[in-house]
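Let me begin by presenting the structure, written as C-alpha cells, before commenting on it.
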Amino acid sequence: MPDPGAARHVGRDERGSPLRQVTGTATGRGSYDVAVIGAGPAGLTAARAAAAAGARTVCIDRYATPGGQYYRQPADASAGTVTQRRGRRLADAAWAAGAVHLPQTNVWSATSGFRLEAIGHPGRSVIDCRAVVVASGTHERVAAFPGWTLPGVFTAGGMQALLKGCDLAAGHRVVLAGTGPLLPVVAAALVRHGAQVVALLDANRLLRRAIRRPLRTVITLAGQPARIVEAARSSLSLALRGSHLRTGWAVTAAHGEAQVQAATIARLDANSRPVPGSARTVECDAIGIHFGLVPATGLYQLLGAALEHRPEFGGHVPLLSPTMQTSVPGVFGAGDGTGVGGADMAMLQGEVAGQAAAAYARGTGSGDSALARRKRRALGNAARFRALYGELFSMPDGLAEMSDGDTLICRCENVSRSDIERARARGAATSAAIKSLTRCAMGSCQGAMCGPVLDGLLAAEAPGEPPHQPQPLTARPPLQPIPVASLLDGAS
Amino acid sequence: MTSSSAADVVIIGGGIVGTAAAYFLARSGADVVVLDRDPAPCQASVRNGGGIRAQCRNRLERLLAMRSIELWHELHARTRTSFEYRAAGNLRMALSSATLARLDSEGQEEERDGLHVEMWQQAELRRRAPYLDHRFAGAKYCATDGHANPILATWMLVEAASSAGARRLPAATATAIETRGGRIAAVGGQSPAGAFRIETPTVVHAAGPWTRQLATDAGVDLPIVPARNTMFVTQAAPPVFGEFVSSHEVGVYLRQAAKGHIHVGGVFTTEGTFDQSVSVSELERMARAAEILPLLRELNVLRAWAGTLDMTPDHMPVVGAVPGLAGYFVAAGFSGHGFCLGPAVGELLGRLVRADPPLIDMPALSPRRFGRGEARP
C-alpha cells in the first residue's frame with residue numbers, strides 16, 4: 001500500500017517522462033525501514049541497494065526529477081545526453097527494486113528514532129524509519145569580489161543546471177573562474193551550446209601541483225579512464241573554439257550598470273594574490289564562479305553524527321565506518337557529502353551504505369562488510385582520485401583579499417566586509433560572534449553561501465596565529481525556511 | 001602553572017546581570033573582574049525575546065523594571081550605541097472578558113505605582129492594532145514599554161563596563177569558590193591559557209542556571225532549576241507593528257525587529273533540562289502566534305533556537321547576600337525576566353556590595369526566603 005504523500009512510478013508517457021501516481025492527502029505520513037535523503041548518484045544507488053536487500057525504502061529528494069546535480073535530467077525527457085540517460089536508468093532501477101520516490105520534498109528536521117519532518121509537494125510529510133542514508137550532497141563554494149552580486153554572475157554549477165535542465169546558456173560571452181574540474185566541463189558544454197567562453201581560469205597552478213608527485217598522479221589518473229576521456233573531450237571542444245584553461249588566474253572584479261558587462265581578471269602570485277600590473281578587462285555578459293564543493297552537514301548535525309574538518313574533502317565531513325555508518329548507529333552517509341569524490345565514488349559508497357542500512361533496519365547484522373571488501377579496490381581508486389582532487393583544487397587562501405569594504409559578504413542580510421571588520425574591532429573573534437553582531441549567515445540561506453567566505457576572511461585576517469579551525473555553523477531545525485502555515489496544519 | 005591575581009570583586013557570569021553589576025561597580029571605583037566561560041556572550045542574555053517592559057508583573061519586579069527602563073534609556077544616551085531599542089509599547093492581549101477584567105485590576109495597581117497603562121476594549125483594539133486577529137476581547141497597553149535587540153544590548157553593556165574599567169576574562173570558567181573562616185577568599189578556574197586563581201573578598205555569582213552547581217560547592221543551596229525556552233524568527237516582512245505583543249492564553253509573544261523579521265517566543269518552558277535543541281512540537285506551539293497575528297500565515301520560519309532559563313519555585317529572582325558567607329552575593333533565578341531587569345539588578349548589586357542602602361525591598365528577593373539559603377560551614 002503506497003504511503004500517503006508518496007509517488008509511485010507507473011510507467012512513462014509518450015514523451016518518455018515518468019508518470020507518477022501521487023496518493024494520499026496533504027499531510028503525508030510514512031513508515032519505512034530505510035529513508036534515503038537525496039536522489040543523486042549516491043542516493044539512487046543506496047535506495048536500489050536497500051530495496052534489493054528487502055528493506056522498505058523511500059528516497060526523498062528536493063527536486064521533481066531524480067538525478068541530483070550530476071545526473072540532472074533535461075526538461076524534455078525524450079532528449080538528453082548519454083550521461084543523463086544513464087542517470088534515468090539508475091533511477092528506474094531504484095524504483096524497479098521497490099524503492100518509493102518522494103520528490104519535491106525537503107527534509108527540515110531529523111531526530112533520533114528516526115523521525116524526519118519534510119515540506120514540499122504535497123505539503124507536510126512525517127517519515128518514520130529505522131535507518132537513514134544521508135546523501136544530500138554539497139553546495140558550491142564561492143568567493144566574494146567587488147561586483148559579484150551583479151545580475152549575470154552565477155555559480156558554475158548553476159550555469160550547468162541551466163544547460164542540463166533547461167537547455168539554456170547563461171550568456172553569449174562567458175567568463176568562468178575559480179578552481180575545480182567542473183570549470184572546463186561547464187565551459188565545454190557552453191561552447192557546444194554555441195556560447196563563447198572568453199576566459200576559463202583556474203586559480204591554482206594545476207600542472208605544477210600535479211607534477212609534485214608525478215608517480216602518484218599517473219597512478220591515480222590511470223585508475224580513472226572515464227575521467228581522462230571526459231577531460232580530453234572537454235579540452236578538444238574548447239580548443240576547437242579557441243578557448244583554453246589558464247591556470248594561476250582569477251576574476252578579481254565584475255563590472256556593469258544593471259548587469260555584468262565586463263570582468264577584471266588578473267594573474268595570481270604564489271600566495272594567490274593578484275600580481276600588480278597583470279590585471280586585464282574582458283567584456284562578458286555572464287560570469288560563472290566555482291571554488292569547489294562544500295559538503296552539506298545539516299542533516300548529520302541534526303542526527304548527532306560526529307564530524308571532522310577535512311579541508312581536502314571540502315569542509316566538515318562525517319566520520320564513517322567501512323560500511324559507511326556514522327558515529328550514530330543507523331545513520332549512514334554516501335556521496336560527495338562525505339567528501340567530494342565524484343559520481344563513481346558516490347555510487348560505490350551508495351551501494352555499501354544502502355546495503356548496510358537495510359541490514360541495520362531489518363536487524364540482520366551490521367552490513368555486508370564482505371561487500372565493502374569486494375568494493376575495496378574500486379573504493380581505493382576512487383579515494384586516490386578524491387585525494388588528488390583535494391590537493392589540486394584547494395581553496396586559495398589569498399582570495400579573501402579580493403573583497404573590498406563595500407563588497408557584500410552576506411547577500412541575504414546585506415552584510416558588507418566593512419560591517420564584519422567593525423564587528424571584529426568590537427571583539428567578535430569567531431564566526432558565531434560575528435554572526436550575532438552583524439546578522440551575517442542569519443538570512444535565508446543560513447550561511448550556505450557566506451559561511452565559507454566568512455571563514456576565509458577570519459583565516460586571512462589572523463596570519464601567524466594557530467591555524468583557524470572553523471566550526472560548522474550550527475544547524476538547527478528547520479534546515480531551510482518552512483511556512484508557518486505548515487506547522488499549523490497536521491500538527492502531531 | 002596557575003596564574004595568580006587579585007581583585008576587589010570577582011563576578012562569575014558575564015551575561016546581562018553580571019555585566020551590569022560590573023558596570024556599576026567599576027563606575028564606583030571597584031577593581032572588578034568578570035569571568036565568562038564563553039568567548040562572547042552567547043546564552044540567555046542574547047537569546048531572549050528582547051522585551052523591555054514594566055507592565056504585567058508582580059509589584060516588586062514592576063518597580064525594578066521601571067528603574068531598569070530609566071537605566072536602559074540612560075545607557076542608550078551615554079554610550080550612543082544602537083541596540084535597536086524601540087519604546088513603541090507593550091500589548092497584553094485578552095481572549096476572554098475574565099482575563100480583560102483581571103488586566104483591568106492589575107492596571108489600577110500599576111497606576112498607583114506611577115506606571116500609566118490603557119485598557120483597550122475590542123473596538124479600540126481593532127482600531128489601533130488592525131493587524132491583530134479580531135478574536136480578542138481587548139488588551140492592556142503600556143506606551144512606555146518596548147523592546148530591543150538583546151545581542152546588541154548585551155554587547156553594548158559589555159563595552160560600557162570595559163570603558164568604566166571592568167576587566168573581562170572570556171572563555172574563563174570558574175571552578176572553585178574558596179572560603180576561609182566564613183568569608184570569601186578567592187575564585188579559581190580554567191581558561192585556554194591554563195588554570196587561574198584570583199584573590200578577592202567579594203564574589204557576585206550571576207551565572208544563570210549554572211549558578212546552582214558552583215554555589216553548592218561553596219556550601220550554598222539555591223533552589224534554581226534549568227528550563228528550556230524556545231523562539232523562532234521569520235524572514236523579513238514589511239514593517240507592520242512596533243508593539244511587543246503577548247498572550248498568555250495562546251502561550252506566545254511576538255515582536256517585529258528592526259529589519260522586519262518577526263520574533264516569536266513561547267510562554268511555555270520545558271523544566272529540568274539544559275538541553276537546547278528545539279523540538280517539532282515546540283515549533284508547532286509557537287506557530288500558534290498566527291492566531292494573534294494572521295500575517296504570520298504568509299511568512300516562513302527562518303530559524304529557531306532555545307535558551308536555558310533559571311527558574312525558582314516562586315519565579316522571582318534570588319538576589320542578595322547569603323548568611324554565613326561574608327562577601328558572597330548571588331544574583332540568579334530570574335525565571336525568564338533577566339534581560340529587562342538586568343541594569344536595575346546591576347545597580348542594586350553595586351549598592352549591596354558597597355553596603356549602601358538598597359533602593360528596593362531586599363528581603364523579598366533574598367535567598368533566605370526559601371528557608372535554606374544559608375551557607376553550610
Side-chain angles (χ1 to χ4, degrees), chain A residues 106 108-113 115-119 124 126 298 301-304 412-415 422-439 441-447 466 471 473-492, chain B residues 38-42 45-47 81 83 149-152 154-156 158-159 162 168 170-171 192 230-237 254 257-262 264 276-291 293-306:
Chain A
N106 285 278
W108 58 266
S109 165
T111 48
S112 65
R115 169 161 285 193
L116 309 175
E117 296 269 353
I119 188 78
R124 182 175 170 184
V126 180
Q301 288 194 53
L302 292 189
L303 289 164
C412 298
E413 294 289 324
N414 282 328
V415 180
R422 268 192 292 273
R424 293 208 76 199
R426 290 180 75 182
T430 60
S431 55
I434 290 173
K435 181 177 163 181
S436 287
L437 281 187
T438 63
R439 296 196 56 79
M442 282 201 193
S444 295
C445 88
Q446 290 294 287
Q471 297 298 309
L473 288 172
T474 309
R476 279 186 290 251
L479 283 183
Q480 58 266 332
I482 57 171
V484 173
S486 74
L487 291 166
L488 294 165
D489 317 315
S492 50
Chain B
D38 293 312
C42 75
S45 299
V46 298
R47 300 180 188 214
T81 301
F83 48 100
N149 179 323
I151 301 170
L152 298 181
T154 304
W155 279 76
M156 175 276 296
V158 166
E159 286 162 345
S162 293
R168 187 180 179 100
T230 58
M231 293 199 64
F232 73 65
V233 66
T234 69
Q235 291 170 307
L254 55 152
K259 291 195 179 158
H261 307 78
I262 297 176
V264 174
Q276 293 178 337
S277 41
V278 180
S279 68
V280 173
S281 71
E282 283 163 324
L283 281 169
E284 288 168 344
R285 285 177 79 175
M286 289 189 287
R288 291 189 60 199
E291 295 170 25
L293 184 73
L295 164 68
L296 280 172
R297 279 186 172 270
E298 295 157 45
L299 299 177
N300 295 326
V301 175
L302 189 56
R303 194 174 69 255
W305 65 90

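Here is how names work: the chains are called A, B, and so on, in the same order as the sequence lines, proteins then strands, and each is numbered from 1.
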request  = Quick one: pull up CZ in B:R303 and CG in A:L479 and give me the separation to the nearest 0.5 Å.
outcome  = 13.5 Å
request  = Let me know if B:A287 has heavy atoms under 4.5 Å from chain A in its side chain, its backbone, both or neither.
outcome  = both
Side chain / backbone / both / neither for A:S444 at chain B, heavy atoms under 4.5 Å = both
task = Tell me, for A:R439 versus chain B, whether the close heavy atoms (under 4.5 Å) come from the side chain, the backbone, both or neither.
result = side chain
Side chain / backbone / both / neither for A:A432 at chain B, heavy atoms under 4.5 Å = neither
key: Top contributor to chain B contacts, counting heavy-atom pairs under 4.5 Å, from A:A433, A:S436, A:A485   = A:S436
inquiry  = For the CZ atom of B:F232 and the CD1 atom of A:I482, what is their distance to the nearest 0.5 Å?
reply    = 8.5 Å
query = Is chain A contacted by the side chain of B:T154, its backbone, both, or neither, given a heavy-atom distance below 4.5 Å?
reply = neither
query = Is there a side-chain contact between B:N300 and A:V484 (heavy atoms, below 4.5 Å)?
reply = no
ask   = Distance from A:Q301 atom CD to B:S277 atom OG, nearest 0.5 Å?
value = 12.5 Å
request  = Could you pull out the closest heavy-atom pair between B:L302 and A:M442, with the gap in Å?
outcome  = CD2-O, 3.3 Å
task = Working to the nearest 0.5 Å, report the span between CZ of B:R297 and CG of A:L488.
result = 5.0 Å
inquiry  = Counting heavy-atom pairs closer than 4.5 Å to chain A, which one of B:V46, B:V301, B:I151 comes out on top?
reply    = B:V301
key: Closest non-hydrogen atom pair between B:M156 and A:R426, with its separation   = N-NH2, 4.2 Å
Donor-acceptor contact below 3.5 Å, side chain A:R476 vs main chain B:A304 = yes
query = Where on A:Q446 is there a heavy atom nearer than 4.5 Å to chain B: the side chain, the backbone, both, or neither?
reply = side chain
